[in-house]
Protein chains: 2
Amino acid sequence: MDWKEKIRTIPDFPKKGILFYDITPVLQDPIALEQTISQMKEKYSNEKIDYIVGVESRGFIFGSLLAEKLGVGFIPVRKKGKLPSKTIEQSYALEYGTATIEIHEDALKAGDRVLVADDLLATGGTAQATAALVQRLGGNLVGFCFLIELSFLNGRKKLEPYHIESLVQFDQ
Amino acid sequence: MDWKEKIRTIPDFPKKGILFYDITPVLQDPIALEQTISQMKEKYSNEKIDYIVGVESRGFIFGSLLAEKLGVGFIPVRKKGKLPSKTIEQSYALEYGTATIEIHEDALKAGDRVLVADDLLATGGTAQATAALVQRLGGNLVGFCFLIELSFLNGRKKLEPYHIESLVQFDQ
């Protein structure tokens with residue numbers, strides 16, 4: 001699969017000067033979508049995994065598909081105020097201001113082995129906050145799996161020493 | 001699968017007096033999740049379907065899983081301002097104010113057969129707006145598939161004469 005052919009770039013979204021990598025053509029094409037999830041599974045085929053965590057919203061797509069492919073449960077991480085039961089929360093810095101995400105307190109037990117799946121690794125802020133949530137519940141974070149890595153943003157460095165896999169990398 | 005055992009109710013969420021049906025225990029349990037998607041597939045096994053549409057955010061989970069199970073593409077409908085390419089939008093009434101959702105203009109072609117999947121049918125406002133988006137692009141809306149139907153809210157009536165399926169119904 002030539003991901004660079006399948007992923008569409010949109011200039012100046014969400015704002016001037018940003019080149020947005022649009023994964024909707026991958027979702028629309030059942031073969032591309034199936035290959036994405038199979039390749040994600042392949043990257044962690046030697047690991048025991050209990051749960052996939054996916055972050056709202058696009059992480060819900062890749063996370064739940066990967067969970068189903070591995071035959072494990074899916075745990076949603078959501079923006080503050082969306083999960084109905086008792087949660088813990090984690091804030092992180094954005095370019096302007098902060099964001100807060102949450103996980104249900106009873107989503108996992110100490111020692112559960114967790115993989116985080118998402119569409120895109122940019123600066124790594126969301127991923128780092130997600131890792132913190134998993135660890136605060138006692139989860140064992142096996143690693144991260146992304147469809148796209150924007151390597152020029154150095155998100156990988158922020159997530160060290162976690163295991164990080166991505167299916168396609170963009171240098172600019 | 002006894003869905004009523006698996007779906008957790010949370011009183012007073014998101015506000016006083018509302019009983020919230022929490023599907024996270026279904027997601028967490030790989031057998032329950034697999035059965036949900038298999039039963040959704042079964043409901044439309046006699047229909048030709050080209051795409052599953054899922055609405056942000058929980059519809060992304062059920063929609064993408066059902067698309068993968070059927071071997072068809074997935075099309076996301078998102079809150080206004082989130083989809084990067086050219087979109088059409090549809091507004092609908094909430095209890096207070098309005099909400100606006102969007103679909104990419106090139107997400108489907110005239111005549112494509114589309115099924116909408118989501119976790120919950122409540123008053124049907126989001127579902128009705130999603131149907132309007134699909135129809136405005138010339139799509140042929142095969143029907144809706146929900147995990148939960150809150151039958152006391154009469155969403156089904158709002159979506160007539162579309163074909164509506166749900167796996168579990170709550171009367172209060």
Side-chain angles (χ1 to χ4, degrees), chain A residues 8-14 18-34 36-38 50-76 78-79 81-87 103-104 106-108 112 119, chain B residues 8-14 18-34 36-38 50-76 78-79 81-87 103-104 106-108 112 119:
Chain A
R8 170 164 69 171
T9 52
I10 315 263
D12 299 323
F13 185 88
I18 303 284
L19 185 66
F20 189 87
Y21 291 87
D22 177 20
I23 51 97
T24 61
V26 176
L27 305 178
Q28 226 168 322
D29 175 348
I31 293 165
L33 186 55
E34 209 287 315
T36 303
I37 305 304
S38 292
D50 297 307
Y51 292 107
I52 303 293
V53 164
V55 183
E56 184 174 13
S57 289
R58 289 188 302 260
F60 279 13
I61 299 171
F62 295 95
S64 57
L65 286 170
L66 184 57
E68 196 279 338
K69 182 73 91 182
L70 290 163
V72 303
F74 173 71
I75 296 172
R78 300 203 65 176
K79 284 153 196 156
K82 299 292 194 74
L83 285 170
S85 192
K86 213 166 169 198
T87 62
I103 193 169
H104 272 152
D106 61 359
L108 53 93
D112 283 341
D119 67 327
Chain B
R8 171 165 70 170
T9 53
I10 315 262
D12 299 322
F13 186 88
I18 303 285
L19 185 65
F20 188 87
Y21 291 87
D22 178 21
I23 51 99
T24 61
V26 176
L27 305 178
Q28 225 168 323
D29 175 347
I31 294 165
L33 187 55
E34 210 287 316
T36 302
I37 305 304
S38 292
D50 297 306
Y51 292 107
I52 303 294
V53 164
V55 183
E56 184 174 13
S57 290
R58 289 188 302 260
F60 279 13
I61 299 171
F62 294 96
S64 56
L65 287 170
L66 184 56
E68 196 278 339
K69 181 72 92 184
L70 290 164
V72 303
F74 174 70
I75 297 173
R78 299 203 66 174
K79 285 153 197 157
K82 300 292 193 76
L83 285 170
S85 192
K86 215 168 167 196
T87 62
I103 193 168
H104 272 153
D106 60 359
L108 52 93
D112 283 342
D119 67 328

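Side chains included, hydrogens not; waters and symmetry mates left out as well; all remaining heavy atoms used.
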What closest approach, in Å, do [X] and [Y] show between heavy atoms, and which atom pair accounts for it?
X      : Y     : result
A:F60  : B:S57 : CD2-O, 3.4 Å
B:G81  : A:F13 : O-CZ, 3.4 Å
B:H104 : A:D22 : CE1-OD2, 3.6 Å
B:E68  : A:L65 : CB-CD2, 3.5 Å

[X] versus chain A, heavy atoms under 4.5 Å apart: side chain, backbone, both or neither?
X     : value
B:K86 : neither
B:Y51 : side chain
B:E56 : side chain
B:L83 : both

Chain A shares the most heavy-atom pairs under 4.5 Å, among B:D106, B:I31, B:L108, with B:D106
I'd like to know which of B:I75, B:I37, B:T24 tops the heavy-atom pair count under 4.5 Å against chain A. B:T24
Can you tell me which of A:D12, A:L33, A:I10 forms the most heavy-atom pairs within a distance under 4.5 Å of chain B?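 Most heavy-atom pairs within the cutoff with chain B belong to A:I10.
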Please classify the contact between A:P84 and chain B as side chain, backbone, both or neither, with a heavy-atom cut-off of under 4.5 Å.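 Both backbone and side chain of A:P84 come within 4.5 Å of chain B.
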So, taking the atom named CZ in A:R58 and the one named NZ in B:K82, what distance separates them when rounded to the nearest 0.5 Å? 8.5 Å
Quick check against the 3.5 Å criterion: does B:E34 have a side-chain atom that pairs as donor or acceptor with the backbone of A:G71? no
